[in-house]
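What you see is a predicted model, and the numbers here were worked out from it, not measured in a lab. Within every chain, numbering begins at 1; the chains are lettered A, B, ... in the order of the sequence lines, protein sequences first and strands thereafter.
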Number of protein chains: 2
Amino acid sequence: MYSIGELSKRTKVKVPTIRYYEEMGLMAQAERTDGNQRRYDNAGLERLSFIRQARDLGFSIEAISSLIELQEHPDRSCEAATNIAVPQLADVRAKIKRLKTLEKELARISKACDGDGISGDCYVLEALADHGLCDRKH
Amino acid sequence: MYSIGELSKRTKVKVPTIRYYEEMGLMAQAERTDGNQRRYDNAGLERLSFIRQARDLGFSIEAISSLIELQEHPDRSCEAATNIAVPQLADVRAKIKRLKTLEKELARISKACDGDGISGDCYVLEALADHGLCDRKH
DNA sequence: CTTGAACCTCTAGTCACTAGAGGTTGTATA
DNA sequence: TATACAACCTCTAGTGACTAGAGGTTCAAG
């Protein structure tokens, strides 16, 4: 049996976050000692690891809740899990695309101003202030 | 002079968000009509556009506040603006890197489960549950 | 037995918004 | 001039995923 702190160390999920996940229903209510401290078995450790993995992959608490329900009902279609994972993949791809655009623009404005000037002539500030200027330079 | 709604339409920033930016100090307190409605001049429109651009580039409210202060003090070094933009660029690059890793992993688990099975044999769920399995397959 | 780390619940805060209640204003139209 | 309705106002509280801290209790090592 693990205390919440031990669970935290093993999964790298913070103690308050574990409590939060319990409140959100992702973790089952833990058994308690006579002193009201949570104690987790291996199933609890596995559940938290699952949650951690999914969070790291960007799944929302809600999506993880759905995945967990599927896990608890092995008779349900795997399609349901894929229906959660595939939009998540699309979301990640959209974010990458957007961030690449941002990167390009930030790189442009960062490079163009080498820090020599005064802010009155600052290209960073000008680029933010004048989107028309930005467009022309693309 | 623009009403807040007109400003919103021109900048695509929502009305409550404009009020929020005023509360956060990014927008100057607007002039008011006798009926207490905000009215903005072209300087207000330009300021909001600046804020919108910077937000779109991922700058935090705090960073934008600093950029605005630089803008209002043209005697200050352009270096200060670059010192805000360059870490932002680094942050975006780090995010891209992380998202690409996530994309790869999500693509792998999404593809491997074609939705034919039942969730008891679901690769999506297995991959989330067993990080060791994940490692072995890389 | 003592001590201090780790535990508990509860409240509220973070960030960047967003929603809605209840009331007022501005403007177009009849 | 009166009416109607969209747009405005402030205020409170909520969203999502945490995070922080107060005040108190428990656990385990020495």
Inset, instruction - Would you sort out whether B:Glu103 and A:Lys95 count as a side-chain contact (heavy atoms from CB on, under 4.5 Å), showing the intermediate values? - result: CA-CA 10 Å; B:Glu103 178 196 20; A:Lys95 277 178 186 164; over 6 Å; no
Inset, instruction - For side chain to side chain donor-acceptor pair (under 3.5 Å), just list the numbers for B:Tyr2 and B:Asn42, CA-CA rounded to whole Å, side-chain angles, deciding distance to a tenth of an Å, and then say yes or no. - result: CA-CA 8 Å; B:Tyr2 308 101; B:Asn42 274 312; 2.9 Å; yes
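Contacts of A:Asp56 classified as side-chain hydrogen bond (donor to acceptor under 3.5 Å, both in side chains), with partners at least two apart in sequence or in another chain: A:Arg52. The salt bridge (charged side-chain N to carboxylate O under 4.0 Å, His left out) check on A:Lys100 picks up nothing, with sequence neighbours excluded. Partners of B:Arg39 according to the salt bridge (charged side-chain N to carboxylate O under 4.0 Å, His left out) rule, which considers only residues two or more places apart in sequence or in another chain, do not exist here. Applying the side-chain hydrogen bond (donor to acceptor under 3.5 Å, both in side chains) criterion to A:Arg98, with sequence neighbours excluded, gives no partner residue.
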Could you give the side-chain donor-acceptor pairs of residues 11-27 of chain A under 3.5 Å, partners two or more places apart or in another chain?
{"unit_1": "A:Thr11", "atom_1": "OG1", "unit_2": "A:Leu7", "atom_2": "O", "d": "2.8"}
{"unit_1": "A:Thr11", "atom_1": "OG1", "unit_2": "A:Val13", "atom_2": "N", "d": "3.3"}
{"unit_1": "A:Glu22", "atom_1": "OE1", "unit_2": "A:Arg38", "atom_2": "NE", "d": "3.0"}
{"unit_1": "A:Glu22", "atom_1": "OE2", "unit_2": "A:Arg38", "atom_2": "NH2", "d": "3.4"}

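Going from atom OG of A:Ser66 over to atom CZ of A:Phe59 covers 10.5 Å, rounded to the nearest 0.5 Å. Here the CG-CG distance, from A:Leu99 to A:Leu102, works out to 5.5 Å after rounding to the nearest 0.5 Å.
Evaluation of the salt bridge (charged side-chain N to carboxylate O under 4.0 Å, His left out) test over residues 61-73 of chain A, restricted to residues two or more places apart or in two chains, returns A:Arg47-A:Glu72, A:Glu69-A:Arg76.
Counting to the nearest Å, the P atom of D:dC27 and the CZ atom of A:Arg39 are 7 Å from each other.
Looking at residues 40-50 of chain B, you'll see that no heavy atom sits under 4.0 Å from any atom of DNA chain C. For DNA chain C, the neighbouring residues in residues 56-68 of chain B, judged by any heavy atom under 4.0 Å, are B:Ser60, B:Ile61. For the segment residues 9-35 of chain A, the set of residues with a heavy atom within less than 4.0 Å of an atom of DNA chain C comprises A:Arg19, A:Arg32, in numerical order. Residues from residues 84-101 of chain A placing a heavy atom under 4.0 Å of any atom in DNA chain D do not occur.
More than 12 heavy atoms of other residues, nucleotides or ligands sit less than 6.0 Å from atom CD of A:Glu6.
With contacts defined as side-chain heavy-atom distances shorter than 4.5 Å, the pair A:Leu45/A:Asp41 does not qualify. Residues B:Leu89 and B:Arg93 form a side-chain contact, since some pair of their non-hydrogen atoms from C-beta on lies under 4.5 Å apart. Counting heavy atoms from C-beta outward, A:Met1 and A:Tyr40 have side chains that stay 4.5 Å or more apart.
Comparing the start and finish of the helix from C:dC1-D:dG30 to C:dA30-D:dT1, five pairs each, the helix axis swings through 0°, to the nearest 10 degrees.
Judged purely by atom type and a 3.5 angstrom limit, B:Glu105 has no side-chain atom pairing as donor or acceptor with the backbone of A:Leu57. Side chain of B:Ser65 to main chain of B:Ile61: no donor-acceptor pair is present (N/O by atom type, distance under 3.5 Å, no hydrogens or angles). A distance-only check finds a donor-acceptor pair linking the side chain of A:Gln88 to the backbone of A:Gly58 [under 3.5 Å].
First and last contacting nucleotides of DNA chain C toward chain B (any atom under 4.0 angstrom from a heavy atom, 5' to 3' order): C:dA16 to C:dG26.
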